[in-house]
Amino acid sequence: MSTTTTAGHLIVAQLERAGIQRVYGVPGESFLDVLDGLHDSSIETVVTRHEGGAGFMALAEGRLTELPGVAMVTRGPGAANAFIAIHTAHQDATPMILFVGLIPVADRGRESFQEFDINAWFGSTAKKVVTLDDAASAARVVDDAIFTALSGRPGPVVIGLPEDVLVHAIESGTVEPRTVARTEPAAADLAGLETKLASARKPLIVVGGEGWDQDSSDALAGWASRHGVPVLADFRAYDAVPHSSDSYAGYLGYARSDANARRLDEADLLVFVGCVRADVLSDGYKRGLDAATVVVNPDADLLGHFGRLDQHIPAHVASFAKALAVTDSTVEPAAGWLAGARADYEKFSTAQPDSGNEVDSKYVDLAVVMEILKQEMDDDAVITYGAGNHSLWPARYLKHNTANSLAAPRNGAMGMGIPAAVAASLAYPGRQVISVAGDGCFLMNGQEMATAMGHSAKFIALVVDNGIFATIREHQEGHYPGRPSGTHMTNPDFAALARSYGGYGERVEKAEDFGAAFRRAVESGLPAVLHLPQDPATRSPKTSSN
């Protein structure tokens, strides 16, 4: 039913009707009418301290839930600060919507205050960029944005909001939200895949992307276990199938095991479910290129896929997993193919003290910390991190047995871990949230601890402090040995910093003290930081360098 309202208020009403529960943002004068509409809304307005933090929170919500995360920022500088989240959502194929306030329509093209070209800025990294020039179309534009963000290959949609258009009085109402269909695999496609599986001796399934739920995760893992097919996860898609399944054999991409690299080369059939053969999982387009290849993915264009393609099944991952699970398969892979893969994973994912590194006694051994954390953390805990060598430890050693339990950037964006932890806590208030942050990564968006305090979010952040940008230093040591440059950092007392926000902070001097410190952080009921000093010579769980 139509009623007299404004475009800004109608935007809020349509978000409500779509089921959006939160919007993240930094306020701006360019979208005041939307903020006014949120005043009496059921939608929680999460006021962040930086637009990059708002974007990453929306990205994490899109990753962890069934709806796109929503962020709102102002024109020019605000949009620039949020750009990192759009790039991440684009490369990660994560549904997200960014509303950007714009200058009045009459001021365009005059180099007005904070003017910028929204299409030129975001056109190459968003699925769609639209400017709301017709106030009466506000509900339809929002509905289309949600549909676009979720359909096909998920991704970000950017909506420009001219401030004068927002206040136009209109006779209009919300629209019925369009349903995004979970495309079912055709019977012929399943039959074709079955034929390929039946003739393969070393088939391998690689899972990734968005859209997994517990039922589909369990279904695919169960089918693979019954038929002896190893399942590997794409880079930072480690929560796609439960690690407790006998079929799970670890992951591909950065810091993957050598055993899985060999297994990718040895496979005679590769089935990518929800992801494609991109550069990271193939070690820079070098591995797994010759095997027969099937891609199960709703993206008609298979953006990012490289190399051989024998069959494309345009289906949603959940629909495919459930359909595959009820098929009568004759798959008979090579004897020991799955057992060997699982044994390699168990060995690779179990940390040993020092993990082969010589750890100075004044530093904390992260390998020991990870083993303690595995015992302390809840089985359905949500884990977040940004980018950097610190993320190698949780990726390798921590377990994911629950769907939607990881929020980390697949494009290597630093600064996502803490904002993602805030969003995860708000989206799943009953679940434990753990963030593993490097010192460089934490300080890019650590100010969002203030947001956590303001919105009763709680998480436990492990801040790994080695005083350097370790990933870049490692590259320098390989290419310019003995000449470190531009990679040193001067850090604060992270525990004291957390306490200054009103959270819990504690410095952990020895790895064996971590368990008790973690329990104290949990019992505090506050956003918490455990400050872990790490030897700057330690680069990864496997090696160290001086």
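The structure presented is a predicted model; accordingly, all values stated were derived computationally and were not measured.
You'll find the side chain of Asp535 stays beyond 4.5 Å of the side chain of Asn466, heavy atoms only. Using a 4.5 Å cut-off on side-chain heavy atoms (C-beta onward), Met96 and Ile86 make contact. Proximity of Pro394 to His400: side-chain heavy atoms (C-beta onward) are nowhere separated by under 4.5 Å. Residues Phe442 and Met449 form a side-chain contact, since some pair of their non-hydrogen atoms from C-beta on lies under 4.5 Å apart. Side-chain contact check for Val73 versus Phe99: every heavy-atom pair is 4.5 Å or farther apart. Proximity of Ile313 to Val294: side-chain heavy atoms (C-beta onward) are separated by under 4.5 Å at one or more points. With contacts defined as side-chain heavy-atom distances shorter than 4.5 Å, the pair Pro492/Leu443 qualifies. Between Thr48 and Phe56, the closest side-chain pair of non-hydrogen atoms is not below 4.5 Å.
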### Message
salt bridge (Lys or Arg N to Asp or Glu O under 4.0 Å) for Glu346 and Arg342? Distances and angles first, verdict last.
### Response
CA-CA 6 Å; Glu346 294 283 6; Arg342 180 66 180 182; 3.0 Å; yes

### Task
Could you go through the salt bridge (Lys or Arg N to Asp or Glu O under 4.0 Å) check for Arg182 and Asp213 one step at a time?
CA-CA 12 Å; Arg182 288 191 168 187; Asp213 55 30; 3.3 Å; yes

### Message
Between Val369 and Phe518, does the side-chain contact (heavy atoms from CB on, under 4.5 Å) criterion hold? Intermediate values first, please.
### Response
CA-CA 10 Å; Val369 167; Phe518 183 83; over 6 Å; no

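Panel note: side chain Gln432, backbone Asp378; a donor-acceptor pair is recorded below 3.5 Å. Remark: the backbone N or O of Asn389 is paired with a side-chain donor or acceptor of Thr471 at under 3.5 angstrom. Within the 3.5 Å criterion, the main-chain N or O of Arg153 finds a donor-acceptor partner in the side chain of Lys127. Within the 3.5 Å criterion, the main-chain N or O of Val26 finds no donor-acceptor partner in the side chain of Arg49.
Partners of Thr350 under the side chain to side chain donor-acceptor pair (under 3.5 Å) rule, at least two apart in sequence or in another chain, do not exist in this structure.
Side chain to side chain, Tyr501 and Gln447 fail the donor-acceptor criterion of an N or O pair below 3.5 Å. For the residue pair Thr402 and Gln214, no side-chain donor N or O sits within less than 3.5 Å of a side-chain acceptor on the partner. Judged by distance alone, the side chains of Arg277 and Ser282 never bring a donor and an acceptor atom under 3.5 Å apart. Side-chain polar atoms of Gln534 and Asp465 form no donor-acceptor pair below 3.5 angstrom. Side-chain atoms of Ser257 and Lys347 form no donor-acceptor pair, as typed in the model, at a separation below 3.5 Å.
The minimum heavy-atom distance between Ser216 and Ala321, with the atom names listed, is O-CB, 3.5 Å. Of all heavy-atom pairs between Pro185 and Ala315, the closest is N-CB, 3.8 Å. Nearest heavy-atom pair, Tyr504 versus Ser524, reported as atom, atom and distance to 0.1 Å: CB-OG, 3.5 Å. When all heavy atoms of Ala407 and Ala420 are compared, the pair lying nearest together is CB-CB, 4.1 Å. Contact detail for Leu338 and Ala224: the closest heavy-atom pair is CD2-O, 4.1 Å. Shown here for Leu530 and Ala521, the closest heavy-atom pair between the two residues is CD2-CB, 4.2 Å.
The distance from atom CD1 of Ile434 to atom OG1 of Thr384, rounded to the nearest 0.5 Å, is 9.5 Å.
Within a 6.0 Å radius of NZ in Lys458, other residues, nucleotides and ligands contribute 12 heavy atoms or fewer. Counting non-hydrogen atoms of other residues, nucleotides and ligands closer than 6.0 Å to OH of Tyr428 gives a total above 12.
The aromatic rings of Tyr238 and Tyr251 are tilted relative to each other, their planes meeting at an angle between 30° and 60°.
Of the listed residues (Val23, Leu98, Val46), just one forms a side chain to side chain contact (heavy atoms under 4.5 Å, CB included) with Val70, and that residue is Val23.
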Compile the donor-acceptor pairs under 3.5 Å between side chains in residues 408-418 and protein atoms, sequence neighbours left out, one pair per line.
{"residue": "Arg410", "atom": "NE", "partner": "Arg236", "partner atom": "O", "Å": "3.2"}
{"residue": "Arg410", "atom": "NH1", "partner": "Asp92", "partner atom": "O", "Å": "3.0"}
{"residue": "Asn411", "atom": "OD1", "partner": "Thr88", "partner atom": "OG1", "Å": "3.4"}
{"residue": "Asn411", "atom": "OD1", "partner": "Ala413", "partner atom": "N", "Å": "3.2"}
{"residue": "Asn411", "atom": "ND2", "partner": "His87", "partner atom": "ND1", "Å": "2.9"}
{"residue": "Asn411", "atom": "ND2", "partner": "Thr88", "partner atom": "OG1", "Å": "3.2"}

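Screening residues 432-454 for salt bridge (charged side-chain N to carboxylate O under 4.0 Å, His left out), with sequence neighbours left out, gives no hits.
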